[in-house]
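Shown next, in structure tokens, is the structure this report addresses.
This structure is a prediction, so every number in the text was calculated from the model and none was measured. In what follows, chains carry the letters A, B, and so on, assigned in the order in which the sequence lines appear, proteins first and then strands, with residues in each chain numbered from 1.
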Amino acid sequence: MSVETVEGSAAPTPKRGVSILFGLTLLGLLLALWLALGLATNAFWTPNNISNLLRQGAMTAILAVGQTFVIITAGIDLSVGAVVGFTSVIVAWLLAAGVPLWLAVIATLLIGVLIGVFHAFGIVRMGLPPFIITLATLTSLRGIGLLITNGSTISITNEAFTNFSRADFLGVPSLFWMVIVVAIPAYVFLHLSRFGRYLFAVGSNREAARLSGVNVDRTIYLAYVLSSTCAAFVGLLLASRIGIGNATQAEGWELQAIASSVIGGTSLFGAVGSVHGPLLGAFILATINNGANLLNVNSFWQRIITGLLIIVIVYFDQLRRRGSR
Amino acid sequence: MSVETVEGSAAPTPKRGVSILFGLTLLGLLLALWLALGLATNAFWTPNNISNLLRQGAMTAILAVGQTFVIITAGIDLSVGAVVGFTSVIVAWLLAAGVPLWLAVIATLLIGVLIGVFHAFGIVRMGLPPFIITLATLTSLRGIGLLITNGSTISITNEAFTNFSRADFLGVPSLFWMVIVVAIPAYVFLHLSRFGRYLFAVGSNREAARLSGVNVDRTIYLAYVLSSTCAAFVGLLLASRIGIGNATQAEGWELQAIASSVIGGTSLFGAVGSVHGPLLGAFILATINNGANLLNVNSFWQRIITGLLIIVIVYFDQLRRRGSR
Amino acid sequence: MTGLQEVSHRRDAELKTAVPKGEPILDLLGLQKNYGAVQALKPASITFLSGEIHAIVGENGAGKSTLIKLLTGVIPRTAGEVRWCGEPVQLASPNEAIARGINAVHQEVVLCPHLSVAANMFLGDEMDRNGLMRKRAMTAAAQGVLDDLGFNLPADATLGILTIGQQQLVATARAAMRGTRFLIFDEPTAYLTRQESAQLFRLIRRLQNEGVTIVYISHRLEEVFELADRVSVLRDGTHVGTRRIGETNEAELIALMINRTIEQIYHKEHFPLGETIVETRGLTGPGFSDVSLSVRSGEIVGLYGLIGAGRSEFALGLYGRHPIGAGEVYWQGRKVEIDNERKAMELGIALAPESRRDQGLCLNLPIGLNVNLPVFRRLTRGLTINRAEEAANADRQIRDLQIKTPSRRVLASAMSGGNQQKIVIGKWLSHGAKLFIFDEPTVGVDVGTKAEIYRLFARLLEQGAGIILISSYLPEVYELADRLHVFRQGRIVASHDYRAASHEEVLAQAINA
Amino acid sequence: QDVTIPIIVKDTTSFYWQIVLAGARQAGKDLGVNVPELGAQSESDINGQISILENAVAGAPAAVVIAPTEFKALGKPIDEAAKSVPVIGIDSAADSKAFTSFLTTDNVQGGRIAADGLAAAIKEATGKEEGEVAIITSLPGVGSLDQRREGFLDQLKTKYPGLKVVADKFADGQATTGLNIMTDLITANPNLVGVFASNLIMAQGAGQAIAENKLGDKIKVIGFDSDEKTVSFLKEGVLAGLVVQDPYRMGYDGVKTALAVSKGEKVEANVDTGANLVTKANMADPKIDALLNPKVN
Ligand SMILES: Nc1ncnc2c1ncn2[C@@H]1O[C@H](COP(=O)(O)OP(=O)(O)OP(=O)(O)O)[C@@H](O)[C@H]1O
Ligand SMILES: Nc1ncnc2c1ncn2[C@@H]1O[C@H](COP(=O)(O)OP(=O)(O)OP(=O)(O)O)[C@@H](O)[C@H]1O
Ligand SMILES: O[C@H]1[C@H](O)[C@@H](O)OC[C@H]1O
Ligand SMILES: [Mg+2]
Ligand SMILES: [Mg+2]
């Protein structure tokens, strides 16, 4: 895209003093945040809090990874928050109806797949902008979820299911294990398989990809299905964590997910992104919230600071990227 | 770019029967909706309801026009909802502090200008993606507004101000007049002046615009300032309508505004858009809500239907655009 | 006053204050540009004289475009000084260059695809009255200029629907209209046929007569000898010399450019023709109709025609990218329906498309990914790509085609134009296809590499493949094609065996003279 | 069914308002009235509710029942509406004298009740009305939640000086955020003894955090309103108490009163439908049980 090819645009050159910060990768920035919080509060580095932090970032992280696939193709998936809420209802409903847990889980994930297929169909066959089709499902899915629950919540009584999100394994919260379970195949897919390369190619130049024999349509199906399936998976985790199915939950999580992804270096113009970037982005956001809570920052100041930190972090990261060119 | 220049992509050719619908412009679709609602309910074509409809679409319409300037440059402004809420607080605060109305109005609009300048600064000078800088202000502005109001609301006692939004002029609600007041200069600016053309040029190929001597930075400043100023203007209208300043108002209006714009034919990849498109988009959305209320559609079904209608309308519109090429 | 004159009236006014003809107008003193570690232009000192046509030649990646970008304020220089009419100037932005009357037609067409032709021509310099644009007046004026230059283009068309060659004409018209004192052409004839080139040359001479100083970059040395007064040679970012055109010859220039000699550019080997690989009968689609031709193993079939003659459209149709309206395709004697690109690839067809920017490259991705894109399936082992093979294949193409890059990880957008073109070709060389369609394969490629590419063609033929070669550069198709088809308005209007007709005949057939 | 009486709630997507609507629906059936069920998409969407009110009035109904989202903001629109139809208020007040009748719980009072309940629970656990407490509000800028917070804080200040508010948090309306805030509060304040989660969603989130950390004995949480989930938390001792109102009655009596008004009958101007503290001890009372198990559908 034009924006990408601008050369030598007025990239401000880093000044002396703060230059250490400029060299930091995103991971470095996250660690710096952790270090600072460790110094500022006693509670931060307690095992308990680290567990909390890992749990708190987990769901956004998974959504952000799914979202990243879509953004790399120069698309967007606004529906993920709604899919999370919706699938939390579906699984609660199925469990309430006595469906065995394994089947309920599989059925819920399948719903995720179907939603992704629907999005890709709208984009590929009907020629709709991704923004529109996913905005439409965002709206409709919340409606369907509300209809199913009649505006209320469905309690989940299956202990095995609700205990899952609370459990630890090898001292690490199961929710964080789920991030790993998603991230590793996602990494293999995006960075090591040819389909990952195709996502980048489609996002960079659809026509060139097509003339090179890339099945552009299938690639788009893949991206949206992965995003929705990640969202459905998060819906399961959410249902397990809060023990209810509720269609209005996860409101605005799509923005969180997109923001995590962009903070992690993904370009909304497509063709730029990774799996580790959005993970870092999600945990940076989680850390900001966790830290503010521990420091007992006034909730309103917390918002102001979050906004400012996002600017600062992305600014440093941009500088580093430019510098390394 | 690539996405835009793909020619003759698998555009499904319209089938016979429904072909009349396919020929309809967006305006035609809106009129068709109105006709259908007129047949389905007695209340629709009453003067009272038409007034309501015009009022209800007005604020989104103005936001959508501002947003369109930004989207044409291939940017995005996520902050508009927050700016509306924030400026409603500002004007209420100033009025409560005894500042004369005219001054309070001007000061509030100036705040809008400043916010836009800040966005453009972040994009142009700091190299931040528009998504990030406007997301950051979205978050921070709500925080500042909440701090000012201490999380609550500020009442507006100025009768002249609060009566304005309820007033009519020549039988047309004043809020709708405000749409006209914004739309006419916006039209002249975007479609008839060279600055409008520069917006398109920057969105189409930033580098080409720069090489032609277009002041790209200034063009970006212009776009974001216009968007924020429209939002501040809507903040004034909202404050007048609800008679209070409240920082959490207008939540999610950014999505409404972007959706109106995209429904109105604006491309999120930039360089495609108009002033009348977003207006129609906004009033289509308002009509769907108004109609659903009049038809007493269950509010959950209302969401489902809204989502479906968005798909259908944009689909028809896309077909027509493709056909006319 | 009509057309060009009308809109360039300012030129006369400005030229009144001009430097006398033959005096230095632009002086470069140790001008230098680094992209990170890459020294694109080492300290170079060149003087441009007022009113001359000054050619610049050099290998791909030698730094020619970099030099142009420095002079037009597109990129900031790393070091050195520029003097304009004797005064040191900054040239920090395109605006500054434009204000001094310096303008360029860049190698890659940089225009706005969403705007109309007229809007592009007037961009940044719109006519307006009371703050409102005079759209009709601008369209009319733009049309006047286009007509005046002999470019058959509609001023009100959206730029994006034009072919790359047509877009280049628009860029030329635009610069001619606005380059009031110093005008630079960076490979303007890359996509043009002889016919359009001739128009361009007329334009250039006319501008020269009006007192405009011209810089002309080309890989086609005969053009340099036809046009230029002086020629400067760049090698590896270094200015290795400037010659008066009468005091040099092709051999010397080539020797300066690549530091060795080339015996024969058009490397042509004749192979015994094998079985027919593909045959089209009355193939008709968007932009072409009733095209019947066949390609045999070991054969190069050339397609020649003017811009918009329908050759590229035919290639895209055959490749399954565009729907076929009528006619048949026989693949090795079997009737086939090729309705998408993958089917074409599976049969064994490879297409290197004409526009590297729009169709050929993923510009913001690494060279390696671009080169391997068509063959990832073959590089896949189980679930993942075999990274070693991936690297090896990319490195081999980089080596074979002498792509000038420090690494396969560099983004395609950081390559010089000619090197980008080599990536487009390299994508397909390891594909193992039976039929290769090369659409303008050597656009912007330097003479040395051109010869190398022709050698690679010969290797493909030797392995039993057939080639369809589309080129707007007549000598290329003329010297290489075993059979040459001339296109006009989407149809084949004449066919010739190897060198059976003269250049003049072929050209006449293409333009229906 | 010629008579139409629309009911406008704050937010159709929450259980509390579904109970109100269920009551109204039942009244409609019993009295032969057509009751359109309207409401915004969020309790903070003031403009949305004003639009809905305008639309409802445009349909020329016999009367309108409304639960105003915001005291000041809905004042004028209700005045305006009352010019053409009688308006009955439920649940929350508005800055308007135009209500023909008003059936409500006092949310400030609700906050006080919560403070009393919290103090009692803490005393039961520790023997004294002392220690660190916190309040979690679902969303800033929502009138009724502000009133509860105000009532709660005021009651602590005046009646329970030993209870110190160490955190006064606002979330974003999401249960998960409530849960995250609660876990962080637990980590940051090891001496925490009590929390007021002032609406249903926050009670769910905070309750979940208490359940996860098995801190029901140590940290007492008072919620507001009820549903199946929070009632089961109450049973398990995860939540110490719930302040519950009588939404079903508000809906039912709202429509009933509106019909009476439209027929020109005289009605009572103000009805307090009451707020009660529910604990494990009294949850089996028939009266309370009816409040906890409304006849939705
Ligand atoms: N944006 C960039 N970033 C990094 N390196 C670049 C960039 N643009 C050009 N280069 C490098 O600078 C050198 C000179 O490139 P330039 O485009 O000037 O060559 P050229 O002489 O115009 O070649 P060609 O004949 O292929 O157009 C090349 O090595 C190229 O890879
Ligand atoms: N998307 C399009 N819409 C309409 N007409 C088109 C489109 N693309 C190409 N054409 C027209 O089809 C005709 C054939 O163009 P084509 O690109 O095949 O010509 P060509 O012989 O390859 O010449 P060139 O050197 O310009 O590539 C031209 O008249 C061109 O303007
Ligand atoms: O009384 C109700 C309150 O007005 C609303 O805001 O939340 C649900 C109920 O508690
Ligand atoms: Mg070049
Ligand atoms: Mg061609």
Side-chain angles (χ1 to χ4, degrees), chain A residues 1-13 71-74 124 184-219 265-275 321-325, chain C residues 33 35-36 69 74-77 92-93 108 110 112-113 316 319-321 340-346 349-353 355-366 368-380 382-387 390 411-414 424 427-428 431:
Chain A
M1 311 261 140
S2 50
V3 182
E4 296 299 313
T5 52
V6 179
E7 301 153 15
S9 66
T13 35
I71 301 182
I72 286 176
T73 69
V124 168
I184 290 180
Y187 184 88
V188 172
F189 170 80
L190 186 63
H191 296 290
L192 304 180
S193 87
R194 72 170 190 269
F195 301 106
R197 304 278 198 278
Y198 293 164
L199 288 183
F200 285 99
V202 167
S204 174
N205 187 340
R206 207 163 154 157
E207 183 66 11
R210 183 169 188 156
L211 289 177
S212 302
V214 174
N215 192 332
V216 172
D217 291 356
R218 194 178 59 191
T219 307
T266 312
S267 158
L268 287 171
F269 290 97
V272 180
S274 66
V275 165
R321 276 167 212 276
R322 284 220 207 92
S324 73
R325 269 207 274 152
Chain C
K33 174 67 190 178
Y35 288 106
K69 288 181 189 161
V74 175
I75 49 175
R77 57 182 177 247
S93 73
E108 303 301 332
V110 233
C112 297
L316 288 169
Y319 192 63
R321 178 61 186 90
N340 67 51
E341 312 77 22
R342 266 158 298 111
K343 215 170 210 178
M345 279 179 72
E346 274 156 26
I349 307 180
L351 169 71
S355 168
R356 54 181 174 246
R357 185 195 60 188
D358 295 334
Q359 306 167 305
L361 293 176
C362 295
L363 276 176
N364 60 351
L365 293 177
L369 196 152
N370 273 290
V371 166
N372 286 321
L373 194 54
V375 296
F376 275 128
R377 189 184 292 267
R378 209 187 62 212
L379 297 173
T380 297
L383 286 178
T384 60
I385 290 171
N386 181 330
R387 309 257 266 172
E390 183 185 25
L411 301 189
S413 58
V424 177
K427 277 170 81 164
W428 294 103
H431 180 253

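- Nearest heavy atom pair, residue Ala208(A) against residue Gly360(C), reads CB-C, 3.9 Å.
- Only the side chain of Arg387(C) comes within less than 4.5 Å of a heavy atom in chain A; its backbone stays farther off.
- Proximity to chain A is limited to the side chain of Leu316(C), based on heavy atoms less than 4.5 angstrom apart.
- With a 4.5 Å cut-off on non-hydrogen atoms, Glu346(C) does not touch chain A at all.
- Contacts of Leu373(C) with chain A are made by both backbone and side-chain atoms, with heavy-atom separations under 4.5 Å.
- The only option from Met345(C), Lys427(C), Gln359(C) that meets the side-chain contact (heavy atoms from CB on, under 4.5 Å) definition with Leu211(A) turns out to be Gln359(C).
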task = Could you check Asp358(C) against Glu207(A) for side-chain contact (heavy atoms from CB on, under 4.5 Å), going step by step and ending with a plain yes or no?
result = CA-CA 7 Å; Asp358(C) 295 334; Glu207(A) 183 66 11; 6.0 Å; no
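- Looking at heavy atoms from C-beta onward, Arg194(A) lies out of side-chain contact with Leu379(C) at the 4.5 angstrom threshold.
- By the 4.5 Å heavy-atom criterion applied to side chains, Glu390(C) and Arg197(A) are counted as neighbours.
- By number of non-hydrogen pairs under 4.5 angstrom with chain A, the leading residue of His431(C), Arg357(C), Glu341(C), Lys343(C) is Glu341(C).
- To the nearest 0.5 Å, the span separating CG on Asn370(C) from CZ on Phe200(A) amounts to 13.0 Å.
- The nearest pair of heavy atoms linking Thr384(C) to Val188(A) is CG2-CG1, 3.7 Å.
- Minimum interatomic distance between Ser204(A) and Leu365(C) (heavy atoms only, all atoms of both residues): CB-CD1, 3.6 Å.
- Contacts of Leu383(C) with chain A are made by backbone atoms alone, with heavy-atom separations under 4.5 Å and no side-chain atom involved.
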